[in-house]
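Values below: all heavy atoms of this structure, side chains included; hydrogens, waters and symmetry mates excluded. Letters A, B, ... are given to chains in the order of the sequence lines, protein chains preceding strands, and every chain is numbered from 1.
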Protein chains: 2
Amino acid sequence: MGRRRVSLKDIAKELGVSISTVSRGLKDHYDISPELKKKIKDLAEKWNYTPNPLAMGLLKQKTKTIGVIVPDIVTYFYASIISGIESKATENGYYIVIASSQESIEKEKENVKNLLDLRVDGFIVCLSQSTNSFEHFDEIGDSEIPLVFFDRICRKKEFSSVIIDNVSAAKELTMHLVENGYSNIAHIAGPSHLNISKERIEGYKYGLDQCKLPYREELLEHCDLSIDDAARATNKLLRNHPLPDAIFGVNDTVIFSAMKEIRKRNLKVPDDIALVGFTDEFHATVVEPNLTAVTHPTFEMGREAFSLLLEEIENEVSRDIKQTVLQAKLIPRESSSFKKANKVQ
Amino acid sequence: MGRRRVSLKDIAKELGVSISTVSRGLKDHYDISPELKKKIKDLAEKWNYTPNPLAMGLLKQKTKTIGVIVPDIVTYFYASIISGIESKATENGYYIVIASSQESIEKEKENVKNLLDLRVDGFIVCLSQSTNSFEHFDEIGDSEIPLVFFDRICRKKEFSSVIIDNVSAAKELTMHLVENGYSNIAHIAGPSHLNISKERIEGYKYGLDQCKLPYREELLEHCDLSIDDAARATNKLLRNHPLPDAIFGVNDTVIFSAMKEIRKRNLKVPDDIALVGFTDEFHATVVEPNLTAVTHPTFEMGREAFSLLLEEIENEVSRDIKQTVLQAKLIPRESSSFKKANKVQ
DNA sequence: GTGAAAGCGCTAACAC
DNA sequence: GTGTTAGCGCTTTCAC
């Protein structure tokens with residue numbers, strides 16, 4: 001049930017002084033006699049006093065708590081970002097409350113409401129896959145509570161955000177495939193209302209263009225980022241003649257799903273089809289063959305998101321909207337190396 | 001900065017009634033005239049009133065917040081359990097604050113202190129790998145704040161916990177290897193102060209015994225659960241003559257690390273060495289070959305941990321300590337199938 | 001140098 | 001039926 005913790009009152013009573021004296025004594029106020037100050041501090045120490053954050057919150061209208069809303073907690077990408085947020089938050093004396101939208105806009109709306117009700121000092125949010133309208137963030141903006149988006153963002157002009165340069169990363173990835181001898185490159189994109197989908201498609205087309213390859217509609221397939229729909233998209237692409245010799249996936253879920261489908265047909269990666277994706281360190285090196293991918297600096301993204309947020313929380317006067325663009329890194333691995341290797345040999 | 005939200009006071013002023021009338025009106029108290037009640041409710045609705053949890057917390061000495069301390073957030077196992085906790089907590093109107101011990105007892109102590117300072121209503125904890133003393137949980141016990149451990153536990157008599165039956169799962173896994181034709185089975189165990197290490201070793205020995213195989217000291221190696229130390233342990237085991245024909249790892253990190261070392265030596269899994277572990281659905285099916293493993297019902301473990309905690313939070317009178325033992329499931333996959341397959345052919 | 005009092009938002013016991 | 005008051009724990013202004 002939770003036995004009451006010591007309060008200033010308890011200490012005051014014990015010492016026969018008033019509550020305000022104790023309060024002042026603990027924070028080296030003007031003039032409390034040094035002896036009294038010492039007595040107060042010693043007793044507080046002994047009794048393990050810490051200020052009640054609820055009382056402080058009420059008074060200061062600050063909870064030292066921030067709300068984090070992510071599409072899911074389990075995916076390495078989000079877990080790792082949460083980890084970055086947590087590390088920076090802890091360093092700064094903030095607590096983080098996690099809420100998962102489970103890729104559903106309805107859940108996301110509820111999460112916003114719940115965390116608003118909790119009176120968090122700020123939000124860090126990555127949009128759910130199904131979030132195609134953004135009015136539920138109005139209330140956050142209206143209450144002047146800082147909000148930082150990461151990865152899947154919206155309303156860039158109104159809210160700060162942390163992203164990677166999707167266009168150039170996607171361009172680089174596409175060109176990497178061409179350089180390694182692939183020319184029939186398909187792309188499995190995400191839902192078209194998400195910024196990440198649009199930007200990666202743009203980079204894909206840009207990369208093809210740079211390499212004087214035509215963009216062909218039948219090699220672009222959208223999916224909803226679920227394993228099943230990624231499988232469907234893969235199979236659709238595999239019905240092309242000639243077969244694509246490379247698939248570039250919008251994220252790791254898509255790529256893993258594609259890999260399974262490709263294996264089912266007894267095609268080899270990268271011999272028959274190269275696979276590259278936007279993904280993260282961990283999984284990419286565990287699968288066989290290792291996956292060529294653009295890796296996000298996830299931990300750093302989390303820390304940066306919190307930093308931006310903290311700035312806004314502390315600068316009560318001027319809130320300027322910032323956008324941090326972090327560098328993603330192309331890491332070539334086995335899954336896209338076949339043709340080049342053959343040529344070289 | 002956070003514009004003040006509407007309070008009862010605001011509504012009271014607008015309606016020209018007292019604060020307590022508003023409070024009562026909102027919760028259908030005895031007797032407030034129906035018309036007034038309606039006026040109050042309508043205005044509250046219109047102005048988007050929700051009770052301030054800080055004020056409620058102060059008053060009720062309950063925060064509707066629980067602290068979760070895990071060794072890390074990024075590992076699928078923990079992320080998935082957190083996800084289970086979050087889902088059940090949200091259903092019950094609780095918030096969860098996540099803290100990561102980063103496998104360090106010092107960080108774990110800090111986390112306990114911080115969350116205690118935050119006045120959480122309860123704790124859900126998985127011990128860090130380096131936690132070999134348990135006094136830092138005294139304060140939680142003394143303050144009569146409920147605490148539920150999961151997976152890596154201590155002080156079973158004092159705190160509730162959620163675990164799997166490690167002994168029989170490890171036994172089953174060992175016997176599975178023997179049944180599939182392996183007989184020179186090594187085990188990479190965790191730190192000896194952790195319950196999971198001890199119990200899995202016990203199961204391993206028990207399994208060997210059941211199959212009339214001798215336990216041999218040189219086939220048991222402890223490691224600290226880091227990738228590097230798991231690699232060291234693997235290499236130590238691989239210096240045995242004859243080579244072990246199977247390695248059973250205490251968890252997934254260990255197994256992935258072992259797999260990399262085995263490949264470095266151009267040994268094949270499962271042809272030369274079978275690999276089995278305690279791990280989770282996701283990774284096991286992504287690696288090639290798929291991993292035979294005892295899978296934890298992680299999401300369910302999280303939900304169960306919260307359920308136990310909630311019971312204790314709500315039953316202020318009698319706190320009985322419960323231990324939930326969930327069923328782990330052996331899932332045979334490719335990584336332990338070779339010898340049997342050969343024999344059968 | 002130290003205490004009293006107000007107020008952050010809310011509930012509940014007690015008035016009338 | 002509705003208002004007043006005290007109190008949850010704390011800070012801060014104003015007295016003395």
Side-chain angles (χ1 to χ4, degrees), chain A residues 1-41 43-44 47-65 93 116-121 143, chain B residues 1-41 43-44 47-65 93 116-121 143:
Chain A
M1 123 94 278
R3 215 197 293 283
R4 244 190 71 259
R5 301 229 352 212
V6 283
S7 67
L8 291 185
K9 200 179 180 183
D10 301 320
I11 298 182
K13 192 185 283 174
E14 175 76 9
L15 258 35
V17 296
S18 77
I19 294 176
S20 32
T21 302
V22 177
S23 170
R24 283 184 286 228
L26 285 174
K27 52 186 40 142
D28 283 323
H29 217 66
Y30 298 61
D31 31 28
I32 299 284
S33 65
E35 314 86 66
L36 218 199
K37 221 182 265 181
K38 179 156 171 30
K39 268 170 66 181
I40 291 172
K41 286 188 174 172
L43 188 59
W47 280 1
N48 226 323
Y49 169 82
T50 57
N52 185 320
L54 297 167
M56 298 292 273
L58 246 196
L59 203 60
K60 298 276 168 70
Q61 303 285 5
K62 295 258 179 227
T63 53
K64 287 277 183 179
T65 296
L116 231 24
D117 288 352
L118 184 61
R119 268 67 167 178
V120 294
D121 290 345
S143 0
Chain B
M1 124 92 281
R3 216 198 293 282
R4 244 191 70 257
R5 300 221 3 206
V6 282
S7 67
L8 291 186
K9 201 179 180 182
D10 300 320
I11 298 182
K13 192 185 283 173
E14 175 75 9
L15 259 35
V17 295
S18 77
I19 295 176
S20 33
T21 302
V22 178
S23 170
R24 280 184 288 227
L26 286 174
K27 51 186 41 143
D28 283 323
H29 217 66
Y30 297 63
D31 31 26
I32 301 284
S33 65
E35 313 87 67
L36 220 198
K37 221 183 265 182
K38 178 154 173 32
K39 267 169 65 181
I40 291 172
K41 286 188 174 173
L43 188 59
W47 281 1
N48 226 323
Y49 168 82
T50 57
N52 184 320
L54 297 166
M56 298 293 274
L58 247 195
L59 202 62
K60 298 275 169 73
Q61 304 285 2
K62 295 258 179 226
T63 54
K64 287 277 183 181
T65 296
L116 230 24
D117 288 352
L118 183 62
R119 267 66 167 179
V120 293
D121 290 344
S143 356

Value rounded to 0.5 Å, distance of CG in B:Asp10 from OH in B:Tyr49:
10.0 Å
Anything under 3.5 Å between a protein N or O and an N or O of nucleotides 6-9 of chain D, put it in a table, one pair a line.
unit_1: D:dC8; atom_1: OP2; unit_2: A:Lys9; atom_2: NZ; d: 3.1
unit_1: D:dC8; atom_1: O3'; unit_2: B:Gln61; atom_2: NE2; d: 3.0
unit_1: D:dG9; atom_1: OP1; unit_2: A:Arg4; atom_2: NE; d: 2.7
unit_1: D:dG9; atom_1: OP1; unit_2: B:Gln61; atom_2: NE2; d: 3.3
unit_1: D:dG9; atom_1: N2; unit_2: A:Ala55; atom_2: O; d: 3.4

Distance check needed: C:dG1 C1' versus A:Glu35 CD, whole Å only.
11 Å
Heavy-atom side-chain proximity of A:Thr50 to B:Leu116 below 4.5 angstrom:
no
Between B:Lys60 and C:dC10, does any side-chain N or O lie under 4.0 Å from OP1 or OP2?
no
In whole Å, what is the span from the CD1 atom of A:Ile11 to the P atom of C:dT2?
16 Å
Under the salt bridge (Lys or Arg N to Asp or Glu O under 4.0 Å) criterion, do A:Asp117 and B:Arg5 qualify, and how do the steps go?
CA-CA 9 Å; A:Asp117 288 352; B:Arg5 300 221 3 206; 3.4 Å; yes
Checking side chain to side chain contact (heavy atoms under 4.5 Å, CB included) for the pair B:Thr63/B:Leu118: CA distance, chi angles, key distance, verdict?
CA-CA 9 Å; B:Thr63 54; B:Leu118 183 62; over 6 Å; no
Proximity to DNA chain D (any heavy atom under 4.0 Å), residues of residues 12-23 of chain A only:
A:Ile19, A:Ser20, A:Ser23
Straight-line distance of A:Lys38 NZ to A:Leu43 CG, nearest 0.5 Å
11.5 Å
Rounded to whole Å, please give me the gap between CG in A:Leu26 and P in D:dT11.
8 Å
A:Lys64 to A:Gly93 - nearest heavy-atom pair and separation:
CD-O, 3.7 Å
Looking at five pairs on each end of the helix from C:dG1-D:dC16 to C:dC16-D:dG1, what is the angle between the two axes, given to 10 degrees?
60°
For B:Lys41, the side chain to side chain donor-acceptor pair (under 3.5 Å) test, sequence neighbours excluded, returns B:Asp28
The side chain to side chain donor-acceptor pair (under 3.5 Å) partners of B:Arg24 (sequence neighbours excluded) come to none
Using whole Å, report how far CZ of B:Arg24 lies from P of D:dG3.
8 Å
Non-neighbouring partners of A:Ser18 that pass side-chain contact (heavy atoms from CB on, under 4.5 Å), sequence neighbours left out:
A:Ser20, A:Thr21
Without hydrogens or angle criteria, can the side chains of A:Arg119 and A:Thr65 be said to hold a donor-acceptor pair below 3.5 Å?
no
Working to the nearest 0.5 Å, report the span between CD1 of A:Ile40 and CD of A:Glu35.
11.0 Å
